[in-house]
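Let me begin by presenting the structure, written as structure tokens, before commenting on it.
This is a predicted model, so every value here is computed, not measured. First the proteins, then the strands, lettered A, B, ... as listed; each starts at 1.
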Amino acid sequence: MKTEINGDDLLAIGYTEGRVLGEALKAAAALPDITREELLALLTKVKQYPENFLDDEHMESLATALIEELNKPVDTTIALIEEKREYAVYGADYIEEGAGKQMAIAMQLPVTVAGALMPDAHQGYGLPIGGVLATRNAIIPYGVGVDIGCRMALSVFDIPAEHFYENEAIYKRELIAHTKFGAGHGFHGRYKADHAVLDRSEFNITPFVKNLQDKAASQLGSSGGGNHFVEWGIIEFEQRDEVLNIEKGKYLALLSHSGSRGLGATIAGYYTRLAKDICRLPKEAANLAYLDMASEAGQEYWLAMNLAGDYASACHEVIHNKLTAAVGARVLAKVENHHNFAWKEQWHGEEVIVHRKGATPAGKDVMGIIPGSMTAPGFLVRGKGNEDAINSASHGAGRQLSRTKAIQQISQQDMKAVLKEHGVTLIGAGLDEAPMAYKDIHKVMAAQHDLVDVVARFEPKMVRMADDGSKED
DNA sequence: ATGTCC
């Protein structure tokens, strides 16, 4: 009579649910008649020493499955650290509660070294927007964010402010002609831009990344949707800046805000999923899944993240080159900084991975741009290198109304009035990007007085954003 | 942020 065993018998001798259990039942069914005791003893042995059964006619599949299971990353939950660890908060009065809760969880990760919350912070996925987290040998894809390498780029031109006011129609025409907004949109045919970043070897690291190369080529020099913009404005230096070699005065400037488009978003999504598969954290921390920097997945993400960052930079370069040429300007100075990224940096003498998710690098003398809103000034800043803030500052004013609330509470008339009051021409954008949806940038700047010095002040004058619903070309 | 499933 054929010996019958079931899953419970296997669980009792140490097997676990899943593919291995299925293979064990199959192997048992295919065996010639042996006693129940002999069968269980055999399966116990296979479980213990699977490598000895790789050549066994009946046990080969089971042994292979067991070995693969052993080599799989351990499928147990990584414990959070119980002890509450302090982190620096700037502008606590302006920060919503959810952001603090998320930061507190991030501080409990076993890989966390330090954290800080910037005054524009609000709730995000995993790490809050406006959150800075330093880790030891670990990279958190959602600590970087979906729009990898998202950044600001500013070109200061040798054009006096008056020239802009006297030729607004030309500036408007060129701004529309050389920028592209909207989710999924890019350039086609002869309008496609070129840049060395498209030939980077990192596209070959995996077939997955390689598959993104064509879309990256098409979207090069485009801006996307959401809060991204390209704008003309007037920048004022109240005194000569030695580093930039710019005299006191007012100049025409171009400011852009955008990221790595579909390329970065797809990379972020893929590696977040991979990290969640490998790094099992308690539910409240699941979106903070991290990759060991020494692991294959960690190194892959690091390369792909840097590629997306350089691609985002190339997009700004294309936009600035096109518009600089279009208006026949000469660039006096260019400043650029990313605010969704991870860097290897020194912190209190230790090499750490600093994640800035919506935070501007503000190491000693590092320049950055902190935008306000479409009618509020943005600031060219120089970092003070504050270690409590992990050498960071805010990446903007931060929202005070969610997109939904902004659309409900702000009228078209309100929007028109505030634009008129500030003499700002707007192309595109929905009510969710209205100035009233953002915090007061002056309060935010005051809250980070210890983090950055203001070098110059930029007033937006002509702003292009994606249309409501991202349906424009 | 992103054609919201690689």
Side-chain angles (χ1 to χ4, degrees), chain A residues 99 102 120-131 140-153 179-188 203-230 256-278 287 297 300-301 304-305 307-309 311-313 315-316 319 338-342 355-360 371 395-396 398-399 402-404 406 428-430 432-433 437-438 465-473:
Chain A
Q102 289 187 313
D120 60 340
H122 52 103
Q123 207 167 320
Y125 279 104
L127 198 64
I129 319 296
I140 306 169
Y142 260 162
V144 168
V146 173
D147 193 2
I148 298 172
C150 184
R151 66 190 59 211
M152 307 298 307
T179 58
K180 179 78 84 179
F181 283 82
H185 291 259
F187 295 95
H188 303 283
F203 275 108
N204 301 316
I205 53 173
T206 66
F208 159 74
V209 176
K210 185 73 183 172
N211 278 337
L212 304 171
Q213 199 166 15
D214 286 347
K215 184 153 80 174
S218 151
Q219 294 186 329
L220 180 68
S222 66
S223 297
N227 57 2
H228 290 171
F229 60 77
V230 180
S256 50
H257 173 214
S258 56
S260 50
R261 310 291 285 103
L263 174 68
T266 313
I267 288 170
Y270 177 85
Y271 286 98
T272 291
R273 178 180 294 225
L274 189 62
K276 283 175 149 179
D277 280 348
I278 294 172
N287 284 330
E300 253 181 41
Y301 175 75
M305 177 194 77
L307 175 64
Y311 173 77
S313 180
C315 287
H316 286 263
I319 295 165
H338 30 340
H339 48 226
N340 281 10
F341 211 62
H355 303 73
R356 293 190 181 88
K357 186 183 191 182
T360 303
H395 80 314
R399 283 192 166 274
S402 69
R403 291 188 180 278
T404 319
D432 47 349
E433 285 300 328
Y438 286 89
M465 301 187 84
D467 277 350
D468 219 353
S470 309
K471 55 186 180 293
E472 78 299 309
D473 58 18

Let me check something: any side-chain donor-acceptor pairs from residues 120-127 of chain A under 3.5 Å, sequence neighbours excluded? List them with distances.
residue	atom	partner	partner atom	Å
A:Asp120	OD2	A:His395	N	3.0
A:Asp120	OD2	A:His395	ND1	2.6
A:Asp120	OD2	A:Gly396	N	3.3

Residues 214-221 of chain A, side-chain donor-acceptor partners within the protein, below 3.5 Å, at least two apart:
residue	atom	partner	partner atom	Å
A:Ser218	OG	A:Phe187	O	3.4
A:Gln219	OE1	A:Gly262	N	3.0

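Within the structure, salt bridge (Lys or Arg N to Asp or Glu O under 4.0 Å) pairs that include any residue of residues 257-270 of chain A do not occur (at least two apart or interchain).
A:His338 pairs by the side chain to side chain contact (heavy atoms under 4.5 Å, CB included) definition with A:Arg151, A:Phe341, A:Trp343, not counting sequence neighbours. Every residue two or more places apart in sequence or in another chain that forms a side chain to side chain contact (heavy atoms under 4.5 Å, CB included) with A:Ala275 is listed here: A:Pro141, A:Ala289, A:Leu291.
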Using a cutoff of under 3.5 Å, can you pull out all pairs of nitrogen or oxygen atoms linking the protein to nucleotides 3-6 of chain B, with atom names and distances?
residue	atom	partner	partner atom	Å
B:dG3	OP2	A:Gly184	N	2.1
B:dG3	N7	A:Gly184	O	3.4

